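Report on the structure given below.
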Amino acid sequence: MEKNLTGPSKFNRTAVSVSEAQALIVPYINKSLIETIPLIEAHGRTLAEDVTSPHPYPFFRRSVMDGFAIHSDDTLSCSKDESVWLEVVDEIPCGFTSSVPVGRGQAARIMTGAHVPDETDAVVMLEMTENKIEDGRTYIRLQQVVTSGTNVTPIGFELDEGELILQGGRQILAGEMSVLATFGIHHVNVYRRPTVAIFATGTELLELEDPLQPGKIRNSNSYMLASQVREAGGEPIMLGSIMDDLALARLKVEEALEKYDLVVTSGGVSVGDYDIMGDLVRQDDVTMLFNKVSMRPGSVTTAAVKGGKLLFALSGNPGACFVGFELFVGPAIRKMMGVNNPYLPEWTAVLGTDYNRRNSFTRFVRARLDIREGMLYALPANIDESGVMVTIKDSDCLIVIPPETEGIKAGEQVKIIKLQGNRMW
Ligand SMILES: Nc1nc2c(c(=O)[nH]1)N[C@H]1C(S)=C(S)[C@@H](COP(=O)(O)OP(=O)(O)OC[C@H]3O[C@@H](n4cnc5c(N)ncnc54)[C@H](O)[C@@H]3O)O[C@H]1N2
Ligand code: MOO
Ligand SMILES: [Mg+2]
């Protein structure tokens, strides 16, 4: 293969901090277009509009129990020794309203969730009554005072008409589904999932079906990135891998940027002879945002803009590729999808084992989370090198080790970044 001789340019790098790098990207994040989709397909999507309640909820006074709708005043004289008999004049199943007025001294049999007759003001539970039939009429006996409002859910108990229920930017999960369905919102306006083109650079890369050969490895980064894109809410577009060839990479990037919302590559961003991405982002029609971040892993993470679209060139080292995505690409995808705070949550945890490494840069250490006696513990992976792939699968979070630390002792508090994905098994 023809060698890509490096110019001096890609050695010339100024490191920016993680937060500076994140801020440099923000102006170039374009919100996705809005689309209207059936509610049933909206799980996980981000609402693109505020939703206010079109009517109060509940919409009618609703019985909390199976029992009898009554006038509470009829029970004022009730006690253990003094009972009141009420005539049952109606039966109200769910989905119906009463068919006859319920007068004083009368009651209507009612089911949980049914419409409480307007003239009644309380529901007494079935178990608190006895009944008798006389001359073909049914009567119930009460021996306790029932206060007004007992077992009746008032109109608007949960929500008033016109109340802001869900703000734009909110993710639709089970609870939001329930609210939207309650108000008959069968189609919702959500942000379109950004399409994220993924391709890997590296002459050493094999496709998954290829047999192994000495010096070659399979392209695992693209598959890892596809999962990360999905978790962030985007739609991964797999564009395979290309060899380390600047012209080829350039063509591929241009095509992908034209067709898709975002492009993510892995590999070739350092200073090696075949590290073409460093040169690619320095070409005239590309605006490089940063090509070095004061962090490990992922120090070589690079971001650029071409034709108004973002290109992220992540490290080929799997650990650095993973972290670079979580800190920069994931937030960009979530922001495109209208998420108000797109960054992963920062929590505090107790460090589970000593962390002995000397550290000059901010380091993001993969770790497992564990709850011990109600406390959150972060247990660093035993091998955490940038080039190590296997412990990525064991990380629920990244421990943020500040720069200039000599090591941290078990039991000390550490800042962690909680990774997405609810691993349940
Ligand atoms: N002289 C220097 N060497 C290196 C520096 C440096 O500053 N000076 N930085 C190191 C750091 S830090 C990192 S991180 C890596 C970055 O490497 P690249 O982004 O240029 O990636 P490659 O050289 O293409 O590959 C590195 C490594 O990753 C493997 N790889 C690549 N693509 C994939 C893939 N799709 N799936 C799985 N694994 C992949 C590749 O085979 C290499 O082993 O540079 C250091 N060097
Ligand atoms: O970008 Mo490199 O990880 O710092 O290992
Ligand atoms: Mg390299």
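Given the structure is predicted, the values throughout are model-derived calculations rather than measurements. In what follows, residues are counted from 1 in the order of the sequence shown. Counting starts at 1 for both ligands and their atoms, following the listed order.
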Looking at [atom], what's its closest protein heavy atom, distance included?
atom	result
atom 4 (C) of ligand 1	Ser270 OG, 3.3 Å
atom 16 (C) of ligand 1	Ser315 OG, 3.4 Å
atom 3 (O) of ligand 2	Ser386 OG, 2.8 Å
atom 22 (P) of ligand 1	Gly268 N, 3.6 Å
atom 38 (N) of ligand 1	Ile217 CD1, 3.2 Å
atom 33 (C) of ligand 1	Asn221 ND2, 3.3 Å
atom 40 (C) of ligand 1	Glu204 OE2, 3.0 Å
atom 37 (C) of ligand 1	Ser220 OG, 3.3 Å
atom 13 (C) of ligand 1	Asn317 ND2, 3.5 Å

Parallel, tilted or perpendicular: rings of Tyr57 and Phe183 (30°, 60°): perpendicular

For [X], take its heavy atoms, then give the atoms of ligand 2 lying under 4.0 Å from any of them.
X	result
Pro297	3 (O), 4 (O)
Arg296	4 (O)
Gly298	1 (O), 2 (Mo), 3 (O), 4 (O)
Ser299	1 (O), 2 (Mo), 4 (O)
Ala320	3 (O)
Val300	1 (O)

For [X] and [Y], test the side chains for any donor-to-acceptor distance below 3.5 angstrom and give the result as yes or no.
X	Y	answer
Glu326	Gln228	yes
Asn131	Thr138	no
Glu163	Thr52	no
Gln167	Asp50	no
Ser72	Thr75	no
Ser222	Asn219	yes

Specify side chain, backbone, both or neither for [X], according to which of its non-hydrogen atoms lie closer than 4.0 Å to ligand 1.
X	answer
Ala200	side chain
Leu205	side chain
Asp275	side chain
Ser386	side chain
Ser299	side chain

Electrostatic pair [X]-[Y], nearest N-O below 4.0 angstrom:
X	Y	answer
Asp261	Arg193	no
Glu385	Arg357	yes
Asp90	Arg109	no

Ser266: numbered ligand 1 atoms lying under 4.0 Å from its heavy atoms: 35 (N)

Residue Gly267 vicinity, atoms of ligand 1 by number, heavy atom under 4.0 Å: 19 (O), 21 (O), 24 (O)

Check whether any side-chain N or O of [X] sits under 3.5 Å from a backbone N or O of [Y] as a donor-acceptor pair, and report yes or no.
X	Y	answer
Ser294	Val16	yes
Asn30	Gly308	yes
Lys216	Thr203	yes
Arg334	Gly233	no

Residue portion contacting ligand 2 (non-hydrogen atoms closer than 4.0 Å) for Ser315: neither

Gly316 N/O under 3.5 Å from ligand 1 N/O: yes

Distance-only N or O hit between ligand 1 and Val271, under 3.5 Å: no

For Leu398, the option from Ile416, Val365, Val323 that meets side chain to side chain contact (heavy atoms under 4.5 Å, CB included): Val323

